[in-house]
Protein chains: 2
Amino acid sequence: MISSDEVPQPAAPTPSRREQNKAATRQAIADAALNLLRGKGPGNFTVEDIAEAAGISRRTFFNYFSSTEAALASVTNGFLDHALRQFRLRPAEEPILESARAALMQLADPMTVAPMAELFTLTQQNSSLVRSELEAWDHCTEQIIIAAKERVAKTPGAAIDELYLRALAGSVISCGKAAMDVWFAQCGADLSPASLSVLRQLLIDAIGHLGAGFASPAHSSTATPFKDRL
Amino acid sequence: MISSDEVPQPAAPTPSRREQNKAATRQAIADAALNLLRGKGPGNFTVEDIAEAAGISRRTFFNYFSSTEAALASVTNGFLDHALRQFRLRPAEEPILESARAALMQLADPMTVAPMAELFTLTQQNSSLVRSELEAWDHCTEQIIIAAKERVAKTPGAAIDELYLRALAGSVISCGKAAMDVWFAQCGADLSPASLSVLRQLLIDAIGHLGAGFASPAHSSTATPFKDRL
DNA sequence: TGCGCAGAGTGCAAAAATGCACATAGTGTA
DNA sequence: TACACTATGTGCATTTTTGCACTCTGCGCA
């Protein structure tokens, strides 16, 4: 293996109290919304309920999110941001596909996927919620494009091919989403090591297909050994 | 027994979000201070530590309390406020001494005395902290005087005798404090039912002495049966 | 003695949270 | 249809929290 999936963290300079509070509030709202979704089902609770459960006023809720759906989408956003952060941490000289693979691999972690898995099972039936989930994936695509551009800009003499980048980013996200979809369908919200290993393999396979130009659409499945990829 | 120790609560009209937040912050500060006192001992932590543990800024701490000691004293204040609230709930026509007895009796409750008991054991050695505790008791005395005046004002034709009220309030508080002191000395921070029953009896006895004009300073102790009092 | 420093406490302006009023939209109902 | 009612979303004034820059005091140390 050329590079590890782990990259040394550049140390976080303890955000200001303001930043911490905002992050905590944001998180409290997302948690409250997810709890209510779990307890009452989609459409059976109001913004006021969320605010109350989060310990803030209704007005403050709207200072953070434009709607209930936006609040729930923040769970997905948080999930995807995690991957994005990992992507940014990869060395600039690494092939982008390999960086993407490593970043996506970080998602197969219990703490990370848990809220996402639950949200997925709870929103699958509700078209409105599913739509806002898609928006989150799309937003992440845009972020990846930006991150990729930054990386290319670091490499002297390399020109930015807009189409190439956008197609690549979109494809990578699609592969990630496809892996998640298949995983949910196969394993549900199961977070056992075995299930997570399946997710990992799905992610690897999906990126593998992408890297191979989708050469052999035949079997693939989760049996493909890791060493055969990139 | 003429009247019960329990009085129907007039129902709390859910305070505003602002009120709730302020109360929560106040409580968080007091808890953080008590935790640090427990963990590091008096004098071994700063206002900044408290603020950090409470999840607020140092400046905000000073918006609530003027010093570390004031924050710790709020534990005592909360304890005494509880008794004061009970006092205010008693019917106006009840003899004041009986109201006081009933109010003090409410203090012999595990949830109520727990923080107080711990604070007591932790501050006993520190003169500065003990002083601010005394201030809290004194503050409570003033509050009782106010509450008693309000009660007298409710009774038509009754004149307010300043000296009588002040002497009475001070004496009642002294009796309460004496009972607590003896209890701590006897039982430490023990919160078992047996220990709380001792506290109850001490409170009853102390008020009993007061009601009897301190007639017989002889034995008393915790053996005195309840029915012999008031 | 003088100096550096950590911590207490305060004034002030910027930022965040809140209450409140209002416009709007959907829903059940007489 | 008209009306009451509930919930969303927003504008604005007020209150609270925060960051920052002080001042002041006590303490260790050269």
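We name chains A, B, ... by the order of the sequence lines, and we start the count at 1 in each one.
Sorted by first and then second residue, the salt bridge (Lys or Arg N to Asp or Glu O under 4.0 Å) pairs with a member in residues 105-119 of chain B read B:R38-B:E118; sequence neighbours excluded. Residues in residues 134-151 of chain A take part in these salt bridge (Lys or Arg N to Asp or Glu O under 4.0 Å) pairs, two or more places apart or across chains: A:R88-A:E150, A:E142-A:R166, A:K149-A:E162. Applying the salt bridge (Lys or Arg N to Asp or Glu O under 4.0 Å) test to every pair with at least one member in residues 77-87 of chain A, sequence neighbours left out, gives no pairs at all. Sorted pairs that involve residues 23-36 of chain A and meet salt bridge (Lys or Arg N to Asp or Glu O under 4.0 Å), not counting sequence neighbours, are lacking altogether.
For the segment residues 62-78 of chain B, residues with any heavy atom less than 4.0 angstrom from an atom of DNA chain C are, sorted by number, B:F62, B:S66, B:S67. For the segment residues 20-53 of chain A, the set of residues with a heavy atom within less than 4.0 Å of an atom of DNA chain D comprises A:N21, A:T46, A:V47, in numerical order.
For B:A206, the side chain to side chain contact (heavy atoms under 4.5 Å, CB included) criterion is met by B:C175, not counting sequence neighbours. Listed by chain and residue number, B:T141, B:I144, B:I145 satisfy the side chain to side chain contact (heavy atoms under 4.5 Å, CB included) test with B:A169 (two or more places apart in sequence, or in another chain). Under the side chain to side chain contact (heavy atoms under 4.5 Å, CB included) criterion, B:P95 pairs with B:E98, sequence neighbours left out. The side chain to side chain contact (heavy atoms under 4.5 Å, CB included) search around A:N21 returns A:R17, not counting sequence neighbours. Scanning for ring pair (Phe, Tyr, Trp, His ring centres under 6.0 Å) contacts around B:F120 gives B:F184, with sequence neighbours left out.
Position along DNA chain D of the nearest nucleotide to A:R17 versus B:E19 favours B:E19 as the more 5'-ward residue.
Side-chain nitrogen and oxygen atoms of A:S57 include none within less than 4.0 Å of the OP1 or OP2 phosphate oxygen of C:dA17. In this structure, B:S16 reaches the C:dG19 phosphate: one of its side-chain N or O atoms is under 4.0 Å from OP1 or OP2.
The base of C:dG7 has none of its N or O atoms less than 3.5 Å from a complementary donor or acceptor on the side chain of B:R58.
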Identify all pairs in which a protein N or O lies below 3.5 Å from an N or O of nucleotides 11-14 of chain C, and state each distance.
residue, atom, partner, partner atom, Å
C:dG11, N7, B:R59, NH2, 3.1
C:dG11, O6, B:R59, NE, 2.7
C:dA14, N3, A:R18, NH2, 3.4

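None of A:R58, A:R59, A:E52 except one satisfies the side chain to side chain contact (heavy atoms under 4.5 Å, CB included) rule with A:V47; the exception is A:R58.
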